[in-house]
Undergrad: 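Right, I'll just put the structure down here and ask away after.
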Amino acid sequence: MLHRLLQLGTLCISTSLLSAEHWAFQPLKPGQAKSIDAYLQTTATRADARTLIRRAHFDLTGLPPSDVSDTSDLSDEAYARLIDSLLSSPHYGEQWARHWLDVARYSDTKGYVYAREEKNWVHASAYRDWVVRALNDDMPYDRFLLLQIAADQVVPPSSPDLAAMGFLTLGRRFLGVTHDIIDDRIDTVMRGTQALTVSCARCHDHKFDPIPTRDYYALYGVFQSCAEALVPCASGENAELAALVKKNRDLMTKRREEQMKRTRDRVADYLKATREFDKYPEEVFGQILDSNDLNPFIVHRFVGWLDKHPGVELTEKVLQQPDSPAFVPDEHIANIEMYFPTGVTTELWKSQGEVDRFLIKTSTAPAHATILKDRPQPVTPRVFTRGNPLTKAEAVPRQFLSLFGPQEPFSIGSGRLELAQAIIDPRNPLTARVMVNRIWQHHFGKGLVSTPSDFGKQSSPPTHPELLDFLATEFIRSGWSIKHMHRLIMLSEAYRRTSFPTRSDGLENPSYVPHRLSFEEARDAWLAAAGRLNPQIGGRPEPLFAASNTRRTLYAFIDRENLPAVMRTFDFANPDLSIPQRSETTVPQQALFGLNHPFLVQQAKALVKRVSSEKSPQDRIGLLYRFLFQRSPKADELTSALAFISVDEKPALVENDHAKAWQHGFGEWDEKTGRVKTFTPLPHFTGQAWQGAEDWPNAQLGWAQLTAEGGHPGNDRQHAVVRRWIAPADGRYDLRSTLIHEPKVGDGIRAFVSHSRLGKLLGTKLHGSKADLSLAAISFRAGDTLDFIVDIDIGLNSDQFLWSPQLSATQTIAASGGDVPFEVWDSKKDFTASPKTTLTSWEQLAQVLMLSNEFMFVD
C-alpha cells in the first residue's frame, strides 16, 4: 500500500494555485545559478582558520575543537575533510537533534496532571535518542517526517522506528482535554513541517492565510480517529513487566465489561436522557461521576448513534456491536477515561502508572513508544462553531489543506498516513522550503525567511527567494539529505566569510552572525575544557546538576512544569510550545550564575587540576588558553595572567564561620543506644535544601530533605533526617529550639535530640502541634556532636516539619575589652551548601576565562 501511495502521490496541487497567490504556496522556482555564492555578493574576506574551525565545530557538534594545536592555515581540501569528519561524528546528531527537539516541544514530563497519573513520559528518551540516530544516519528528511507521523503504518511491530511517533505524543497532557491535545498535535505538525499557523483556524477562518475553519477540522478528524497506545520499540522480555502488563490488561478488561453492562442495563434511562440531553453537558471540567450516575459522555454517544441509525431498535445484540453507544473501546486509559465513573478512572490510571513507573525506572526493560494507531471506525469531523465543541456545525471530510487546490478525502483509516504523504510529496513546495530555511538559520543565525515557523502572509518575505528555492530544489534532488545541505552551505564562501556583512542590515550579504553559546553548548564546553565531559550517547535523562552528571546537556531531565531556573535564564526553549528559534537575552542572572553556581566552581577547579602537570606558570597559562580558546595567549594576555596569579593573597578569615559546625544527613534511629546507627551526609544541595538528588522526591532517598528552617524525613524509619552540630570547644552550651508539625492529616512525626557521648537527651511525637525542645548547660568536649533527628511515625503522609535549633555557650569569658558573650550557632542563619571556601588565584583565573566573551561567543 505504501509503495502504491508513493507511486500515485496523495497531494493534489493545481498548477496555477489559484486559491493561494502568496509566494510560499507557489511551486519551487530556482534561478539559473547552481551554487549558493552565485546568488550572493561575496565581497567580505574569509574568516581566519581558527575562527572557522571553531565555528564549524560548534555548528555541527555543539562542542569546541578537541585539537589544541595552533593552526596557521586551512586549505580548501583540509576544510572539506574537517566538515566530513564533523558530519561523521556521533555528536553531530546530538547537536542537531536539539534543534529539532525545540520544534517538537520535547519534555520528559507531561506538565500538570492529576495526581492519579504518572507525570513522567515513558517514551521521551526513546524519542530523543531516535532523533539523534536518524540524524547521524542521515535518514532522508521525507522518511524522517513520515515515521514521526505514521511509523505505525510503515514499520513492523516492535521496530525501533516506532519511537519516532513521540513527535505527536510528547506534548502537554492538558488534563486529558482531547480538543486541546489534538490542537497541540495539529499545531506542532503544521508549524513544524509546513510553517503554517493552522491552529489559528480553530475558531474562525484564518484572518490572513487561505486556511478556512473547515481545513482545521479536516485535520482534527484525522487525529480524532487515532488512539494512543504504549507499545515496545525494542526486542526483549521482562517477566516482571509482563506480569504488570497482564495485571493492567485484566483490570481494564474487567472494568470495560462492567461499564458496558451498566450501560446496557440502563438503556431506557439513556434513551430518556437523549430527549433532554441539554441537562447532560458533554464537556465539563473536573466532573465527578458515581457508578449510579448517567454518564453525560455516553448520553451524547446515544444521541449521535440515533442520528446515524434512525428507526433502528437498540436490541441487546446491537448494543454489543463495536459501533454501539454502549461499547467501550479496548484502548489505553488516556483515550477512554471519560467512559468510566471517577473512581474507576482513578483505579485504571493507578494500574497504568505501575507499568509506566516500572518502564521509567528499570534499565533492563525494553524501550517503549507511545504511538497513535488508527481506530477501526474513523470519525467524520464536524466544525465546532467558534471553536466550541458544544455547538457542532457541518461535517467535513478528512483531507489535506485546500490552499493547495481541490483535495481528495483521505480514505485509508484515519488518513494519517495520507497526511504524511501529502506533507512529504516533492510537489509540496513548503516542506523543503521550511527545512532548508531552518538549516540556514542554524548556520547563519538568521533564516532567509526570518519567521521560520510561519511562511504565511504575515511572515517576512525571503531576503533571497531564488536562493531559497535553489536550496529547496537541491534538497529534494539530493534525496532529502540533511548532511548534503550542511556540506553545500558550509563549503560556500558565504559561510566561510568573516561575521561582518558589508551592509549594516545584512540583507544583501548574508553572513555568519556572532552569537552567544546556547546554555547546552556552554555547559558542554565548560565540561569539555575541564576534561570532565562524558561522551556517552543516548540513555535515560539525569538531573541537570546532579553530582554524577557530566553528560551532555541534551540528556538532562526536562520537566515542562518545573524547568530549571538556569535554563530559563539562558533562553532555553519553552517545552510547552513548538519553538522555531530561541531568544538571545543578556540579563544579570546569567553573570551571577557564572560567578556563584557550584557547577562553574567545580569546572574551574577541575581545569586548574588538568593543567597542573605543567611545571612553569607560563606553560600552565598557555594550556589554559588552548583548552578554552584553542590558541596560545598573546604577550599582553600572558603578562596580565602572570601578574594576576602572582598575587595570591590569603583570604580574609570570615569571623565566626559557623557553617563549619553544621552537617546535614540521614540515618536510622536506634532505640537501644539512643543514637543514630550511622550518619550519612545528604549528597545534593539545591541552593535551598540538602536532599538525595536534584529531583525531589527521588529514587535514592525519597522525601528526605533538610532546609534552613526544617525539612521532611525519608520514606521510612531507616531514612530519618539528621541535622548535626559539632562542638567547637570544651564547655557547656544551651539549646533553644521549637519543633513544629503543622498538618492535621497523617499520623505525625517522631523527633529526638541525641548527644554523641551522652545518648538520647530528648524525644517526642508530634501530630499537628509543636513542642519546646530546649535544654540548658549541656556538657560538650571539642568534637562532640549533637544530632537533631526526625523520622516518620508509622505512615508516610504530610510529615514536613519546622525545626531550626540554636546553641550558645552557657557562660561568658573575660576579654581585654570586658565580658564578651560566646557566639550563637544558629542552624537557620548558618545554613549553606558547605563551609565558606575561596578559590585560589589560579582557579579565579580559570573561572574568569571560562566566562569571557571569547569563550561564550562564536563568531
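For the numbers below, each heavy atom of this structure counts, side chains included, while hydrogens, waters and symmetry mates do not. Computed from a predicted structure; not experimentally measured.
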Undergrad: Holding to salt bridge (Lys or Arg N to Asp or Glu O under 4.0 Å), I want the full list of residues that pass it with R128, two or more places apart in sequence or in another chain.
TA: none
Undergrad: Among residues at least two apart in sequence or on other chains, which ones pass salt bridge (Lys or Arg N to Asp or Glu O under 4.0 Å) with D84?
TA: R487
Undergrad: Parallel, tilted or perpendicular: which fits the ring planes of W130 and F144, with parallel below 30° and perpendicular above 60°?
TA: parallel
Undergrad: Side chains of R172 and S107: do they bring a donor and an acceptor to under 3.5 Å?
TA: no
Undergrad: Could you tell me whether the side chain of Q407 and the main chain of G405 form a donor-acceptor pair under 3.5 Å?
TA: yes
Undergrad: Please answer whether the main-chain N or O of A494 pairs with a side-chain N or O of D37 as donor and acceptor at a distance below 3.5 Å.
TA: yes
Undergrad: Roughly how far apart are F629 CZ and E854 CD, rounded to 0.5 Å?
TA: 5.0 Å
Undergrad: Apply side-chain contact (heavy atoms from CB on, under 4.5 Å) to the pair E94 and Y555, showing each step before the final yes or no.
TA: CA-CA 9 Å; E94 293 177 313; Y555 303 112; 2.6 Å; yes
Undergrad: Would you name the heavy atoms of D205 and P212 that are closest together and state the gap between them?
TA: OD1-CA, 3.3 Å
Undergrad: With no hydrogens and no angle check, do the side chains of R497 and T45 hold a donor and an acceptor under 3.5 Å apart?
TA: no
Undergrad: Please report the interatomic distance CD1(I439) to CD1(I482), rounded to the nearest 0.5 Å.
TA: 5.5 Å
Undergrad: Okay, side chain of R55, backbone of Y495: is any donor-acceptor separation there less than 3.5 Å?
TA: yes
Undergrad: Quick one, N428 and F400 - any side-chain contact, counting heavy atoms below 4.5 Å?
TA: yes
Undergrad: Describe, in one word, how the ring planes of Y106 and Y127 are oriented to each other, choosing from parallel (under 30°), tilted (30 to 60°) and perpendicular (over 60°).
TA: parallel
Undergrad: Do W96 and H99 have ring centroids that are under 6.0 Å from one another?
TA: yes
Undergrad: Report yes if the side chains of V566 and L544 come closer than 4.5 Å at any heavy-atom pair, otherwise no.
TA: yes
Undergrad: From R54 CZ over to Q630 CD, what is the distance, rounded to the nearest 0.5 angstrom?
TA: 5.5 Å
Undergrad: Could you tell me whether a side-chain N or O of K446 sits under 3.5 Å from a main-chain N or O of V513, the two making a donor and an acceptor?
TA: no
Undergrad: Just to verify, what does D571 make a salt bridge (Lys or Arg N to Asp or Glu O under 4.0 Å) with, not counting sequence neighbours?
TA: R516
Undergrad: For the pair R98 and D102, evaluate salt bridge (Lys or Arg N to Asp or Glu O under 4.0 Å) and give the outcome as yes or no after the intermediate values.
TA: CA-CA 6 Å; R98 185 61 260 180; D102 285 2; 2.9 Å; yes
Undergrad: In Å, rounded to the nearest 0.5 Å, how long is the span from CG of L471 to CE of M435?
TA: 12.5 Å
Undergrad: Could you go through E466 and K29, starting from their C-alpha distance and side-chain angles, then the distance that decides it, and tell me whether this counts as salt bridge (Lys or Arg N to Asp or Glu O under 4.0 Å)?
TA: CA-CA 7 Å; E466 288 187 341; K29 299 175 183 177; over 6 Å; no
Undergrad: List the atom of R496, the atom of D76, and the distance in Å for their closest heavy-atom pair.
TA: NH2-OD1, 2.8 Å
Undergrad: Under the criterion side chain to side chain donor-acceptor pair (under 3.5 Å), which of T498, D59, D859 is the partner of Y512?
TA: D59
Undergrad: Please identify each residue that fulfils salt bridge (Lys or Arg N to Asp or Glu O under 4.0 Å) with R214, with sequence neighbours left out.
TA: E394
Undergrad: Do R202 and Y220 form a cation-pi contact, if we require the NZ or CZ to be under 6.0 Å from the six-membered ring centre and within 45 degrees of the ring's axis?
TA: no
Undergrad: Examine distances only and state if a side-chain atom of T431 and a backbone atom of I423 form a donor-acceptor pair shorter than 3.5 Å.
TA: yes
Undergrad: Taking the side chain as every heavy atom from C-beta outward, state whether H486 and L86 have any atom pair closer than 4.5 Å.
TA: no
Undergrad: Grab the two heavy atoms, one from S414 and one from C226, that are nearest each other, plus how far apart they are.
TA: OG-SG, 3.5 Å
Undergrad: When rounded to the nearest 0.5 angstrom, what is the spacing between CG in L82 and CG in L491?
TA: 10.0 Å
Undergrad: Test of understanding: with ring-ring contact (aromatic ring centres under 6.0 Å, His included), list the residues that count as partners of F519, not counting sequence neighbours.
TA: F570
Undergrad: S459 vs D454, test: side chain to side chain donor-acceptor pair (under 3.5 Å). Steps then yes/no.
TA: CA-CA 6 Å; S459 68; D454 184 3; 5.2 Å; no
Undergrad: Assess whether side-chain contact (heavy atoms from CB on, under 4.5 Å) is satisfied between L168 and T188, documenting all intermediate values.
TA: CA-CA 8 Å; L168 297 178; T188 300; over 6 Å; no
Undergrad: For I371 and L162, which heavy atoms make the closest approach, and how far apart are they?
TA: CG2-O, 3.7 Å
Undergrad: If you apply the rule salt bridge (Lys or Arg N to Asp or Glu O under 4.0 Å), what do you find for D524 with R552, and how did you get there?
TA: CA-CA 6 Å; D524 295 350; R552 294 198 67 173; 3.1 Å; yes
Undergrad: Going by the angle between their ring planes, with limits at 30° and 60°, are W526 and F593 parallel, tilted or perpendicular?
TA: tilted
Undergrad: For S518, which residues count as a side-chain contact (heavy atoms from CB on, under 4.5 Å) partner, sequence neighbours excluded?
TA: E520, E521, R582
Undergrad: Quick check: does any side chain N or O of D137 sit under 3.5 Å from a backbone N or O of M139, one acting as donor and the other as acceptor?
TA: no
Undergrad: Check whether S450 reaches the backbone of G447 with its side chain - one donor and one acceptor, N or O, closer than 3.5 Å.
TA: no
Undergrad: Any idea how W23 and F455 line up, ring-wise: parallel (<30°), tilted (30 to 60°), or perpendicular (>60°)?
TA: tilted
Undergrad: Indicate the atoms forming the closest heavy-atom contact of M490 with I83, along with that distance.
TA: CE-CD1, 3.5 Å
Undergrad: Can you check side-chain contact (heavy atoms from CB on, under 4.5 Å) on T169 and R185, steps first, answer last?
TA: CA-CA 8 Å; T169 59; R185 289 170 180 164; 4.1 Å; yes
Undergrad: Using the rule given for side-chain contact (heavy atoms from CB on, under 4.5 Å), can you reason through I211 versus L403, listing the C-alpha separation, both sets of side-chain angles and the distance that settles it, and then say yes or no?
TA: CA-CA 7 Å; I211 304 172; L403 66 85; 4.1 Å; yes
Undergrad: Please check if any side-chain donor atom of Y217 sits under 3.5 Å from a side-chain acceptor atom of D215, or the reverse.
TA: no
Undergrad: Say you draw a straight line from CZ of R568 to CG of N574; how long is it, rounded to the nearest 0.5 Å?
TA: 10.0 Å
Undergrad: Apply salt bridge (Lys or Arg N to Asp or Glu O under 4.0 Å) to residues R433 and D469 and explain how you reach the verdict.
TA: CA-CA 7 Å; R433 276 192 184 120; D469 281 6; 2.7 Å; yes
